[in-house]
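Step one of this worksheet: look at the structure below.
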Amino acid sequence: MPKRLASLASTFFAASPLRHPAYRAFYAGSIAVGLGYTMQTTVAAWLMATLTPSPVMVSLVQTASTAPALVFGLVAGAIGDIVDRRRIIVVTQAVLIAATALLGLAALAGLVGPLTLLGLTFVIGAAFVFYQPAQSSSVNDLVSRAELSQAVSLNAVAFNVSRAFGPALAGALAAWVGSGSALIASSVFFAGMIFAARRLPPRPPAHLGVPERLLSGVQSGVRYVRHSPAMRAFIVRTLSFTVCASALWALLPVIARDQLALGAGGYGFLFGTFGVGAVAGAISIPRQLKVRSLNRVVFTAMVLWAAASVLIAATLDVWFAAAGAFGCGAAWVTVHASLSTGTQTTAPAWVRTRAVAMNLVAVQACLALGSPLWGWVASVFDTRFAMALSAAILLALVLLNRGVRVRMGSEADVTPGQHDDLGIDVEPGPDDGPILIQIEYQIDPPDREAFLQAIHRVGPTRRRNGATSWRVFRAIGAEGRYVERYIVESWAEYVRLRSRMTMSDRAVLSQAQDLQSAEVPLKVTRFLGLD
């Protein structure tokens with residue numbers, strides 16, 4: 001048996017992204033960060049439960065951890081695409097170490113109260129918000145596209161191994177040496193990623209030597225998601241699931257304390273069982289995606305979460321509750337890791353961190369807003385009713401959103417398309433603008449309907465790649481003449497727009513341009529705005 005296990009492990013390692021030394025170091029650092037963060041959140045929630053009996057105050061710990069996503073999430077995504085991600089990871093780990101250790105020292109000195117606990121938890125949550133998109137999108141820099149699904153799943157395993165052991169370790173430390181010492185111990189785990197981040201490849205230079213500015217970077221990310229049907233589908237699925245799933249995150253300490261009459265160790269056991277289920281779910285994701293569509297995998301996991309939540313609501317037995325927590329863990333990571341894989345296979349490199357951040361913002365926003373909501377429901381009724389209600393609403397949303405389908409991206413969705421030389425002897429300066437681009441088409445009458453359908457598929461590609469406005473015009477009195485016009489805010493942004501077009505975008509554009517009349521050349525004119 002040991003030889004067989006060793007052979008299986010060797011086979012798995014040979015086909016795994018873990019065979020790459022840089023990814024292996026990064027993976028180990030990710031596990032360490034996950035351990036430190038889950039230990040901190042576990043101890044903070046339990047510490048609040050010992051400071052006040054209010055379910056609302058306990059649920060606000062989760063809100064303090066996740067609310068920074070509402071404030072900083074979009075900025076974190078833009079910074080991750082603009083700034084060297086190695087620097088982001090190092091700085092955020094330093095903040096996590098300092099804030100977690102300070103909270104531990106305050107607890108040891110007896111100086112921590114509910115407001116102090118919430119304030120430092122907010123700082124820790126903010127640092128994690130800036131870290132997470134940079135960490136997630138860095139996986140693409142360490143593995144090939146063919147290995148991406150497996151690497152994202154392993155990334156989920158890393159964090160959920162931490163969910164399995166971090167809470168249990170935190171609960172044991174809190175029971176043995178106290179909450180303050182457990183917090184100080186958790187701060188040590190953040191140091192590992194500082195060394196692992198040094199092995200990441202450097203960020204390539206910006207176009208024209210002019211990087212995007214922060215505000216325009218945020219606007220570009222929002223614009224891309226707004227005009228990308230695939231990204232909108234990912235976010236709708238994320239929102240509908242997480243707003244209901246936030247009930248368990250908010251109420252698990254109260255369930256352990258009141259419904260199941262457990263102490264800190266028992267709460268850590270339940271949280272650890274959730275993490276074990278999450279690891280099991282993450283390991284199964286690559287195999288599931290090989291035999292079933294992404295949409296089917298996500299749908300099944302959502303139904304599993306609802307069933308497991310009902311089990312937790314219905315039982316007073318610790319072992320049945322643990323089984324429900326296991327099912328919730330498997331469903332949680334299957335939904336979010338699968339959607340993350342879909343996002344990273346669909347979003348091009350220039351906007352990948354922002355796309356990842358959008359989904360993270362959706363998750364954290366639901367946790368931040370849903371936690372006090374479910375805490376209020378539990379206060380008015382009880383935790384069992386709140387859990388059952390969350391499961392019922394989730395099933396209703398699954399049925400209502402059955403027309404919103406998610407899919408894996410193709411190679412053409414992220415591969416840059418070839419573009420012709422501009423043919424301009426003296427180009428404007430990078431900050432000159434706005435720039436108006438006008439493309440004149442001459443379409444033969446039999447091709448009119450096909451052209452109009454094709455050109456209106458071009459519009460979203462222009463907008464998500466940088467155009468602030470786009471429209472098609474028909475010439476009055478000139479049969480078959482059409483003009484496509486769009487505006488970008490600067491010459492640098494226009495150059496970026498051209499470089500951002502993928503093979504899929506080029507294929508959409510070719511469908512319209514191929515209908516151009518053979519006797520008339522396509523005419524492209526560019527105008528520089530004047531004050």
Side-chain angles (χ1 to χ4, degrees), residues 66-92 95 122-123 125-138 203-228 231-232 234-235 343 347-365 368 427-437 459-470 486-501 526-531:
T66 55
L70 299 177
V71 182
F72 305 116
L74 299 181
V75 175
I79 290 177
D81 280 324
I82 296 172
V83 180
D84 192 333
R85 285 191 284 266
R86 296 176 300 179
R87 185 178 303 176
I88 296 172
I89 292 173
V90 169
V91 171
T92 53
V95 174
F122 182 88
V123 172
F128 198 74
V129 164
F130 281 92
Y131 158 77
Q132 205 169 7
Q135 186 269 349
S136 296
S137 57
S138 293
R203 177 177 173 79
H207 295 292
L208 299 175
V210 181
E212 286 186 272
R213 295 182 176 89
L214 182 58
L215 179 58
S216 64
V218 171
Q219 292 172 336
S220 295
V222 173
R223 183 169 54 237
Y224 180 86
V225 172
R226 177 186 174 190
H227 295 287
S228 171
M231 290 298 152
R232 293 200 304 271
F234 289 133
I235 291 178
T343 298
W350 71 268
V351 75
R352 185 171 293 132
T353 307
R354 280 167 277 195
V356 170
M358 292 285 185
N359 268 318
L360 293 175
V361 166
V363 172
Q364 301 300 334
E427 295 188 10
D431 291 326
D432 290 344
I435 307 296
L436 184 149
I437 299 89
T461 71
R462 303 288 199 200
R463 289 180 178 273
R464 66 174 174 253
N465 288 325
T468 57
S469 66
W470 177 91
Y486 61 96
I487 296 174
V488 292
E489 63 182 13
S490 68
W491 184 256
E493 190 65 16
Y494 175 59
V495 174
R496 293 190 191 103
L497 179 145
R498 288 167 53 82
S499 68
R500 288 168 179 170
M501 292 189 70
R526 303 171 185 90
F527 300 89
L528 175 63
L530 301 177
D531 293 334

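What you see below is based on every heavy atom in this structure, not just the backbone, and it leaves out hydrogens, waters and symmetry mates. Fair warning: this is a prediction, and the values are worked out from it, not measured in the lab.
Shown here for Tyr486 and Ala467, the closest heavy-atom pair between the two residues is CD1-CB, 4.0 Å. Listed here is the closest heavy atom pair of Ala127 and Val95: CB-CG1, 3.8 Å. Of all heavy-atom pairs spanning Arg354 and Gly221, the tightest one is CD-CA, 3.8 Å. When every heavy atom of Ser138 is checked against every heavy atom of Ala134, the shortest pair comes out as OG-O, 2.5 Å. Ala357 and Gly77 get closest at one heavy-atom pair: CB-CA, 3.5 Å.
Around CZ of Arg232, the count of heavy atoms belonging to other residues, nucleotides or ligands within 6.0 Å exceeds 12.
Under the 4.5 Å side-chain criterion, counting only non-hydrogen atoms from C-beta, Leu360 is not in contact with Val129. Looking at Tyr494 and Pro428, their side chains never come closer than 4.5 Å, going by heavy atoms from C-beta outward. Here the side chains of Val222 and Met358 are in contact, with some heavy-atom distance below 4.5 Å. Side-chain atoms of Arg85 and Gln135, non-hydrogen and from C-beta on, never get closer than 4.5 Å to each other. Side-chain contact between Val351 and Val225: absent, with no pair of heavy atoms (C-beta onward) separated by less than 4.5 Å.
One N or O on the side chain of Arg223 and one on the backbone of Arg463 form a donor-acceptor pair closer than 3.5 Å. Arg526 places no side-chain N or O within donor-acceptor distance of the main-chain N or O of Ile435, the cut-off being under 3.5 Å. Side-chain atoms of Asn465 do not come within 3.5 Å of backbone N or O of Leu497 as any donor-acceptor pair. A side-chain donor-acceptor contact under 3.5 Å links Thr468 to the backbone of Ile487. Here the side chain of Ser136 pairs no donor or acceptor atom with the backbone of Pro133 at under 3.5 angstrom. A donor-acceptor pair under 3.5 Å links the side-chain atoms of Arg464 to the main chain of His227, judged by distance alone.
Interatomic distance, CG of Asp81 versus OG of Ser220, reported as 9.5 Å (0.5 Å rounding). To the nearest 0.5 Å, atoms CD1 (Ile235) and OG1 (Thr343) are separated by 8.0 Å. Put simply, CD on Glu489 and CG on Asp432 are 13.0 Å apart, with the number rounded to the nearest 0.5 Å. Separation of atoms OG1 (Thr353) and CD1 (Ile82) is listed at 10.0 Å; rounding is to 0.5 Å. Between the CG atom in Leu215 and the CG atom in Leu74 there is a gap of 11.5 Å [rounded to 0.5 Å].
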Would you sort out whether Met231 and Arg226 count as a side-chain contact (heavy atoms from CB on, under 4.5 Å), showing the intermediate values?
-> CA-CA 8 Å; Met231 290 298 152; Arg226 177 186 174 190; over 6 Å; no

Trace of the side-chain contact (heavy atoms from CB on, under 4.5 Å) decision for Trp491 with Asp431 = CA-CA 6 Å; Trp491 184 256; Asp431 291 326; over 6 Å; no

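Residues Arg500 and Tyr224 have side chains that never bring a donor and an acceptor to within less than 3.5 angstrom of each other. Ser499 and Arg496 are not linked by any side-chain donor-acceptor pair at a separation below 3.5 angstrom, with hydrogens and angles left out of the test.
The pair Glu493-Arg213 does not count as a salt bridge, with every side-chain nitrogen at least 4.0 angstrom from each carboxylate oxygen.
Among residues two or more places apart in sequence or in another chain, the ring-ring contact (aromatic ring centres under 6.0 Å, His included) test is passed with Phe72 by Phe130.
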